[in-house]
Novice: 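Take this structure, written in structure tokens, and hold onto it; I'll ask about it next.
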Amino acid sequence: MRVARFYAPGDLRLEEAAEPEAGPGEVKIRVRNCSTCGTDVKIFNHGHHHLVPPRVIGHEIAGEVMVSNVDGWAAGDRVQVIAAVPCGECPDCSHGSMTVCPNQTSVGYHYDGGFAEYLVVPAAVLKVDGLNRIPDGVSFAEASIAEPLACVLNGQQLAGVGPGDDVVVVGAGPIGCLHVRLARSRGARRVFLADINRARLDMSAAVVAPDATICGYEVDTVDTVLKLTDGRGADVVITAAASGAAQQDAVLMTARSGRVSLFGGLPKDAPTISLNSNLVHYRELTLVGANGSSPAHNKRALELIASGQVPVLDLITHRLPLDGLFDALELVASGGAIKVTIEP
Ligand SMILES: [Zn+2]
Ligand SMILES: [Zn+2]
């Protein structure tokens with residue numbers, strides 16, 4: 001079979017590999033869609049500290065069961081696979097905080113991922129109920145978006161996005177688009193989308209139709225949000241961008257008793273920002289993080305897609321075969337696409 005295997009930063013190879021065999025407690029699937037995201041570009045360029053090469057990458061996976069050694073699953077079942085795999089046993093998992101499990105492993109990092117024709121779903125995934133049935137009416141391509149949507153759902157649950165909120169999403173990539181859509185489904189009053197890249201902002205806004213767009217390259221984002229909210233600020237500001245400046249701005253444009261979601265992480269060599277903590281103190285702001293998603297978030301994401309509450313089909317702007325993976329990564333890196341999915 002064909003796979004995309006990572007060997008070292010800058011060294012990702014499309015090559016032939018033996019088809020994997022499902023062992024006890026495992027399920028083998030034919031990968032139908034594995035979507036790309038910014039993390040794949042990061043891995044390609046810099047590697048990842050959790051990833052021991054050589055490794056087949058790709059972690060937004062949907063496919064069809066070929067062989068099942070697990071009760072409840074059979075050939076032909078349409079499935080979606082979680083990416084982050086909690087241990088299910090530690091104190092954090094026991095308290096329902098599976099997204100911060102310190103023993104977490106990941107598909108595409110610790111186990112071979114979805115940029116391949118076939119994939120064996122590890123027993124560790126099945127153990128935490130991380131293999132999900134794709135609801136009728138949801139395509140494989142849409143189901144592959146459940147994983148990033150699950151991460152977005154985790155972020156908005158932690159930030160308490162709810163009815164009547166004015167929400168600012170900073171970063172108009174695929175994650176930002178999912179944040180806009182999910183915020184609407186949770187009853188947000190208005191959703192504003194900001195980005196410093198005008199072309200990307202316009203492309204995404206044309207699809208997800210925010211109440212206003214803010215190009216941070218042309219106008220001051222904080223001023224604009226304050227104007228749009230009559231000086232109050234937004235109830236929730238979500239930074240879906242690897243930008244310390246965006247995080248600092250977020251605190252300045254959040255309303256009293258508002259929430260700031262530091263959704264996107266910062267580069268590991270520049271994780272420090274400057275924060276006026278008196279704003280947090282006097283305005284009773286809440287700052288929250290977000291780290292991936294739990295198996296339950298993935299199930300809920302599939303339901304949100306199936307019910308039409310969060311449409312994702314129109315976010316998929318490009319479909320490429322596995323041999324087009326390098327073009328796909330270039331598209332992702334350039335911001336010239338919303339979601340690029342690989343159909344191996
Ligand atoms: Zn991803
Ligand atoms: Zn755990």
Side-chain angles (χ1 to χ4, degrees), residues 4 6 12 31 33-51 55-62 80-116 119 122-130 132 141-155 171 173-179 182 240-242 263-265 290-298 301-302 305 312 315-318 320 325 328-329 331-333 335 337-342:
F6 174 85
L12 177 68
V31 180
N33 281 86
C34 184
S35 290
T36 59
C37 82
T39 307
D40 296 313
V41 176
K42 246 188 271 176
I43 291 172
F44 174 48
N45 289 324
H46 307 292
H48 191 282
H49 60 288
H50 283 150
L51 192 157
R55 175 69 66 211
V56 177
I57 63 170
H59 58 269
E60 301 183 1
I61 303 164
Q80 180 262 350
V81 187
I82 59 168
V85 188
C87 75
E89 291 170 356
C90 71
D92 293 298
C93 284
S94 305
H95 285 114
S97 304
M98 285 188 158
T99 51
V100 291
C101 170
N103 310 316
Q104 188 185 87
T105 54
S106 299
V107 177
Y109 298 70
H110 303 85
Y111 320 100
D112 278 341
F115 293 141
L119 166 89
V125 167
L126 288 142
K127 183 185 140 193
V128 295
D129 197 18
N132 298 310
E142 291 167 288
S144 72
I145 314 293
E147 191 275 332
L149 178 57
C151 300
V152 165
L153 174 61
N154 177 45
I175 290 289
C177 289
L178 289 170
H179 270 298
L182 182 66
F263 187 88
N291 184 49
S293 58
S294 69
H297 288 124
N298 281 254
L302 281 168
I305 295 169
V312 297
L315 301 181
I316 301 168
T317 51
H318 297 76
L320 295 168
L325 181 61
L329 294 178
L331 265 166
V332 174
I338 300 182
K339 202 70 182 169
V340 186
T341 193
I342 297 294

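For clarity, every value in this text was computed on a predicted model and none was experimentally measured. Whatever order the structure lists ligands and atoms in, that order sets their numbers, starting from 1.
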Novice: When you measure from the Zn ion (ligand 1) to the N, O or S atoms of C151, does any of those distances fall below 2.8 Å?
Specialist: no

Novice: Nearest 10°: the angle subtended at the Zn ion (ligand 1) by E60 OE2 and C37 SG?
Specialist: 100°

Novice: Between the Zn ion (ligand 1) and E147, is there an N, O or S atom separated by less than 2.8 Å?
Specialist: no

Novice: Ignoring hydrogens and angles, tell me if any N or O in the side chain of H95 forms a donor-acceptor pair with the backbone of P91 under 3.5 Å.
Specialist: yes

Novice: Please check: side-chain N/O of H48 versus main-chain N/O of H50, any donor-acceptor pairing under 3.5 Å?
Specialist: yes

Novice: Would you compute the distance between atom CD1 of I57 and atom CG of L12 and round it to the nearest 0.5 angstrom?
Specialist: 5.0 Å

Novice: How wide is the angle at the Zn ion (ligand 2) between SG of C90 and SG of C93, to the nearest 10°?
Specialist: 110°

Novice: Should the ring pair H179 and F263 be called parallel, tilted or perpendicular, given that the plane angle runs from 0 to 90° and is split at 30 and 60?
Specialist: perpendicular

